[in-house]
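Just follow the structure's listing: the first ligand is 1, and inside any ligand the first atom is 1.
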Amino acid sequence: MRSFATGVCVAATYADRADGRHHDAVTINSLSSVSLDPPLVSVCMRMESLFLADLLVTKKWAVSILPHGAREIARVMAKDRATRTGAIGALPASPGPRTGALVFRSASWMECELRAAFDLGDHTLVVGEVVAADPRRDGPPLLFVDGGYRVPADPGPSPATNDLPDSPWW
Ligand SMILES: Cc1cc2nc3c(=O)[nH]c(=O)nc-3n(C[C@H](O)[C@H](O)[C@H](O)COP(=O)(O)O)c2cc1C
C-alpha cells in the first residue's frame, strides 16, 4: 500500500458533553467513494481510535480534502488527541452547515451522516451519506505515497472559486 498514492484528508467529528461540544479531527487517507446515488463515502479507522468512538456516538462527521499547502495541518492532526484538540482552535476551519463537524475553508469538503459501520480486522469501515459538500480548494491537492507527503508534478486545472456555484452546494 506504500506504493498506492492517495489524497490526504482531515476527518472531523465531535462529542457533546455536559461542559459543551468537544471537536476532534484526525488525518486520514482511507477515504473512498462508495456510491453515487445515494452519495456514499467510506473511511477506515483503527478500532481503538478515540476519534472513532466519538463518531459512532454523534453519527455525524466531515472530511476535508487537503490542498498542497496544508501538510503542517496533516502532520499535527495525526498526533495524539491532546495535541490535536489543543491545535483545533487555531485551524482555518468552522462548523459545517449540516452536521456541525469542522470543515476547512481552504479545502474541498463533504459532510456525512453515518449509514453503516463494519468491524473488519483491527479497523472499522465507516460508511456515510454525503449531506453537503463544497468542491473548491486552494490549488493542487496534497498527496501521500511512500510514507511521505507530496505535491503532484502535473496538478492540472484547479477548481477556481469563480467557476463554482455559491458555497455550500450539493
Ligand atoms: C497520512 C496519514 C494517513 C492516515 N490515515 C489514517 C486512516 O485512514 N485511518 C486511521 O485510523 N488512522 C489514520 N492515520 C492515523 C491518524 O491520523 C491518527 O494518528 C489516529 O487515528 C489517532 O487515533 P486516536 O483517535 O485514538 O487518537 C493516518 C495518519 C497519517 C499521517
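In this structure, the side chain of Ser49 does not engage the main chain of Met45 through any donor-acceptor pair within 3.5 Å. Panel note: side chain Glu111, backbone Thr99; a donor-acceptor pair is recorded below 3.5 Å.
Using a cut-off of 4.0 Å between Lys/Arg side-chain N and Asp/Glu carboxylate O, Arg136 and Asp134 are scored as salt-bridged. One finds no salt bridge joining Asp122 and Arg46 here, because no Lys/Arg side-chain nitrogen approaches an Asp/Glu carboxylate oxygen to under 4.0 Å.
Of all atoms in ligand 1, listed by their number and element, those nearer than 4.0 Å to a heavy atom of Ser30 are 7 (C), 8 (O). Ligand 1 places these atoms under 4.0 Å from at least one heavy atom of Phe51: 25 (O). Taking every heavy atom of Tyr149 and a limit of under 4.0 angstrom, the matching atoms of ligand 1 come to 1 (C), 31 (C). Residue Phe144 approaches ligand 1 through these ligand atoms, each under 4.0 Å from one of its heavy atoms: 1 (C).
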(request) In sequence, state the C-alpha distance, the side-chain angles, and the governing distance for His23 and Tyr14, and then conclude on ring-ring contact (aromatic ring centres under 6.0 Å, His included). (result) CA-CA 4 Å; His23 288 279; Tyr14 53 84; 5.8 Å; yes
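Scanning the protein heavy atoms around atom 21 (O) of ligand 1, the nearest turns out to be Met45 CE, 4.1 Å. Of the protein's non-hydrogen atoms, the one nearest atom 9 (N) of ligand 1 is Cys44 O, 2.8 Å. The protein non-hydrogen atom at the shortest distance from atom 13 (C) of ligand 1 is Thr27 O, 3.5 Å. Of the protein's non-hydrogen atoms, Ala78 O, 3.9 Å is the one closest to atom 18 (C) of ligand 1. At the top of the distance list for atom 25 (O) of ligand 1, counting protein heavy atoms only, stands Ser49 OG, 2.8 Å.
Of the N and O atoms on the side chains of Thr13 and Asp54, not one donor lies less than 3.5 Å from an acceptor on the other residue.
Between atom 5 (N) of ligand 1 and the options Val145, Asn29, Asp54, Leu142, the minimum heavy-atom separation is to Asn29. Of all the listed residues (Arg46, Arg71, Arg84), Arg46 holds the heavy atom that lies closest to atom 11 (O) of ligand 1.
Every N/O-N/O distance between His123 and ligand 1 stays at or above 3.5 Å. The shortest N or O to N or O distance between Lys79 and ligand 1 is not below 3.5 Å.
Ligand 1 is approached by Leu50 to a heavy-atom distance shorter than 4.0 Å.
Atom SG of Cys9 sits about 4.5 Å away from atom CG of Leu31, to the nearest 0.5 Å.
The closest side-chain heavy-atom distance from Leu91 to Ile73 is below 4.5 Å.
A pairwise comparison of heavy atoms in Ser64 and Ala107 identifies CB-CB, 4.0 Å as the closest pair.
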